[in-house]
Each structure stands twice: as C-alpha cells, then as structure tokens.
Trainee: 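Input: one structure, supplied below.
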Amino acid sequence: MHTTAPRKVIFDTDPGVDDAMALYFALAHPGIEVVGITTTFGNVSVEQAAANALYLTAIANRSVPVTQGVSTPWCKPGEAPPDYIHGADGLGNLPSRVATTNRLDPRASAQFIVDMARAQPGAITLVAVGPLGNLSLALKLEPALPRLLREVILMGGTITEPGNVSPVAESNIWNDPHAAEQVFGAGWPLTMVGLDVTHRVVTPLTLFRRIAEHHRHPATDTLHHAVGFYSRFYSAQHPRLASDPGCFAHDVLAFVYLVSPALFTRERGCIRVATDGLAQGQTMLKRLAHLNYPQPGWEANRPLADVCMQVDAAGCLALFEQTLMADWLTR
Ligand code: RIB
Ligand code: CA
C-alpha cells in the first residue's frame, strides 16, 4: 500500500520501445502522477514520438497532456532514427493501430515545461529519457527553471560502462551533446541513470508475455509486441541475451530510481559532456572531490550531480513485474 502523495512528473521522452515500457510503469505505479508528456526526436522523429505518446496513453485509457518538442539537435545536424532498434514506427512496427481520438496540447514541449513549473513551483520532477533539447530550450525560456522544478532524473550517459553509440558515448547524450552539457551545468538537483546501471538490468521477453497474458489488454499486447522487436536487436548484439531474449531496461530505471532510490548506489561530482570530436557525447564525471585540477572546466564551484553506479537488478525486476501485474488498466 502506497501511503505518501504521488510524485508529480513531466515525462520527457522519444517513444521508442523502452520509453513505452517506462511510460506504462509510471502510469501503473501508485507513487507517480504523470502530469504531462513532452516529446522529442530521438528513437523516431518528433512527430512520430508525439503520435506514439498519444497512442500509448489512449489505449491505456489515460488522459495526460502530450506536447511535441524539438525535432533536431541544438547544434549538430540531425540523423535518421534507428528503425532497426525500435522499428520504423518506434513501437516495433505494429501491424495495425486501433482508432484513438486524443489530440496534442498545442504548446511546444519546452513552453509546457516552463508553464507547469511556474504554476506549481517546487512540485514537479522532470524525468527525461531522450535527447535533452526540450529541457535545454526550457532553460533558455526560463533561466529560473532549476529553482522551479523539484528534481531532474535523466536516463543517459555512462561513466565506466562502454558506450552504446561509440566506445564512450550513450545514445541520448550523443544525440544532442550541447543540450546535455547545458542540462548538466544548470545547477538543479539532478540524477543521472546511465548505462552503468541500465546494462545491469535485463528485462526478459517472457516477462512481457506474462504481463500481456495476465491483462489481455491492448496496452500490454502493444508493449509485448514492441519489446519482441526490440529484444531481437539486443539478442543479436549481446551474446548473453541470445538464449533468453530480452532487452536492457534503460528508460524505466529512471522511474524505478524515483520511487525506489535505495535500489541504487550513487557517486556525486561535476559532470561535463564532450560536444565534438571523437569523444562527442562522452559524459565525464569528476570522481575525486578533493582534487583541484589545473585544467579549465573542472573548477570547484561547478554544479554537482548524482550518478547511479550500481544497482540491485533483481530488486528492479521484481518492482517492475509487481507494478505492471497490478490492477492498473481499465477497459
Ligand atoms: O541509450 C539508451 C537510450 O537510447 C534510451 O533512452 C533509448 O530509448 C534510446 O533512445
Ligand atoms: Ca528513450
């Protein structure tokens, strides 16, 4: 039984299969109230991301404002979305979609974030699981945003784990490194949930089959289909996933951290992002607090962030299963 008031969250996302997994965890968990979904390019175009957010909420019978946000990186040229990972539609190439009637909120995602933060200062947590252009644009619209939001939790980056788009870069940060550098330097309470922990938690496809069979609902059927496609990519890439298909639990771990931070161990330090060159998208953590480096960029007065470095994988999987198996869907 959940006793405290649910945490109000704006979910900034590029759905995307693991984004869909995260959204349904958030909608199912009694400790989370999703007050808005802001979308960005990333796994798909921003138009497709917005359409998917509308679709996923509609088939789950939830009414949540959805906005469309940035369509390209801040400085560098955009690239074709990875249809071989998430499908051309971002949801594993669904064979068909049921008709839905929900419509976009007309505001741009960055404006929506600013409006909501101004209306409820200190109340809203921003959970970001895509490239960070919406958040960096919101900072430009409202420089006081770090004091208006309660907390920022982002899925992205990596400190010691090899990257997933280059040896040192994680996809969300690499997709808009200039935006990420601004977000890490903004000075808000920020926690990074990156590959150091998401590569430790594998969600097996059989779990999604059990969830779908339990609910027999369009929302969980859609999720099961999407994860099937996504798992084929991961199982081909990672030998340890070949015999028991599954996928990394990237985006959902940002929400798991929100409701169960004790499942993670963290380090604290200044994070900088490499914005160009071979290391583009690398997230660098100053791990030695006592050292004053002589090189510029690591001054002692720079904002600090928390980084999840270790995770109780079994605990995360148990929480995910318990939450998605609960009675959260209506017809
Ligand atoms: O690196 C993992 C991240 O990239 C996740 O947010 C996933 O959705 C992909 O875009
Ligand atoms: Ca994502």
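Atoms within each ligand, like the ligands themselves, are counted from 1 in listed order.
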Trainee: Could you tell me whether Val17 approaches ligand 1 through its side chain, its backbone, both or neither, with non-hydrogen atoms closer than 4.0 Å?
Mentor: neither
Trainee: Does Ile85 approach ligand 1 within less than 4.0 angstrom via side chain, backbone, both or neither, non-hydrogen atoms only?
Mentor: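 No part of Ile85 is near ligand 1 at this cut-off.
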Trainee: Please verify the inter-ring angle class for His178 with Trp74; under 30° counts as parallel, over 60° as perpendicular, anything in between as tilted.
Mentor: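 Perpendicular: the ring planes of His178 and Trp74 meet at over 60°.
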Trainee: May I ask you to say whether Arg210 pairs ionically with Glu213, meaning some side-chain N is under 4.0 Å from a carboxylate O?
Mentor: no
Trainee: So, Glu33 and Arg7, do they make that salt bridge, N to O below 4.0 Å?
Mentor: no
Trainee: Using a strict cut-off of 4.0 Å, indicate which atoms of ligand 1 neighbour a heavy atom of Glu170.
Mentor: 1 (O), 2 (C), 3 (C), 4 (O)
Trainee: Would you indicate which of Asn43, Asp18, Asp19 comes nearest to atom 9 (C) of ligand 1 when only heavy atoms are counted?
Mentor: Asn43
Trainee: Could you see which bit of Asn164 sits under 4.0 Å from ligand 1, with heavy atoms only: side chain, backbone, both or neither?
Mentor: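 Contact part for Asn164 vs ligand 1: side chain (C-beta onward).
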Trainee: Can you tell me the protein heavy atom closest to atom 6 (O) of ligand 1 and the distance?
Mentor: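 Minimum-distance protein heavy atom for atom 6 (O) of ligand 1 reads Asp251 OD1, 2.5 Å.
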Trainee: Would you say that more than 12 heavy atoms from the other residues, nucleotides or ligands in this model lie under 6.0 Å from the CD of Gln310, or not?
Mentor: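 Check fails, neighbour count at 12 or below.
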Trainee: Relative to Tyr55, does Arg97 satisfy both conditions: NZ or CZ under 6.0 angstrom from the six-membered ring centre, and within 45 degrees of the ring's axis?
Mentor: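 Checked: cation-pi criterion met.
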Trainee: Output all residues satisfying salt bridge (Lys or Arg N to Asp or Glu O under 4.0 Å) with Arg268, sequence neighbours left out; order by chain, then residue number.
Mentor: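 If we apply the salt bridge (Lys or Arg N to Asp or Glu O under 4.0 Å) test to Arg268, skipping adjacent residues, the hits are Asp306.
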Trainee: To check you understand the geometry: which heavy-atom pair defines the closest contact between Ile37 and Ala53, and what is its length?
Mentor: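 In this case the closest contact between Ile37 and Ala53 is CG2-CB, 3.9 Å.
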Trainee: Closer than 4.0 Å to some heavy atom of Asp14 - which atoms of ligand 1 meet that?
Mentor: 10 (O)
Trainee: Got a sec, which pairs hit ring-ring contact (aromatic ring centres under 6.0 Å, His included) with one end in residues 258-287, sequence neighbours left out?
Mentor: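 Qualifying pairs, neighbours excluded: Tyr257-Phe264.
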Trainee: Considering both backbone and side-chain atoms of Tyr230, is one of its nitrogen or oxygen atoms within less than 3.5 Å of a nitrogen or oxygen in ligand 1?
Mentor: no
Trainee: What are the two closest heavy atoms between Pro146 and Trp188, and how far apart are they?
Mentor: CA-CE3, 3.5 Å
Trainee: Would you find more than 12 non-hydrogen atoms of other residues, nucleotides or ligands less than 6.0 Å from Leu278 atom CG?
Mentor: no
Trainee: With Asp196, which residues qualify under side chain to side chain contact (heavy atoms under 4.5 Å, CB included), at least two apart?
Mentor: Thr158, Ile159, Thr160, Glu161, Met192, Met309
Trainee: Short N/O distance, under 3.5 Å, between His86 and ligand 1?
Mentor: no
Trainee: Which of the protein's N, O or S atoms come within less than 3.0 Å of the Ca ion (ligand 2), not counting waters?
Mentor: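 Listed by chain and number, the nearby protein N, O or S atoms are Asp14 OD1, Asp19 OD1, Asp19 OD2, Val129 O, Asp251 OD2.
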Trainee: Heavy-atom contacts with Val129 under 4.0 Å: which atoms of ligand 1 show up? List them by number with element.
Mentor: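 Counting atoms of ligand 1 from 1, those under 4.0 Å from Val129 are 6 (O).
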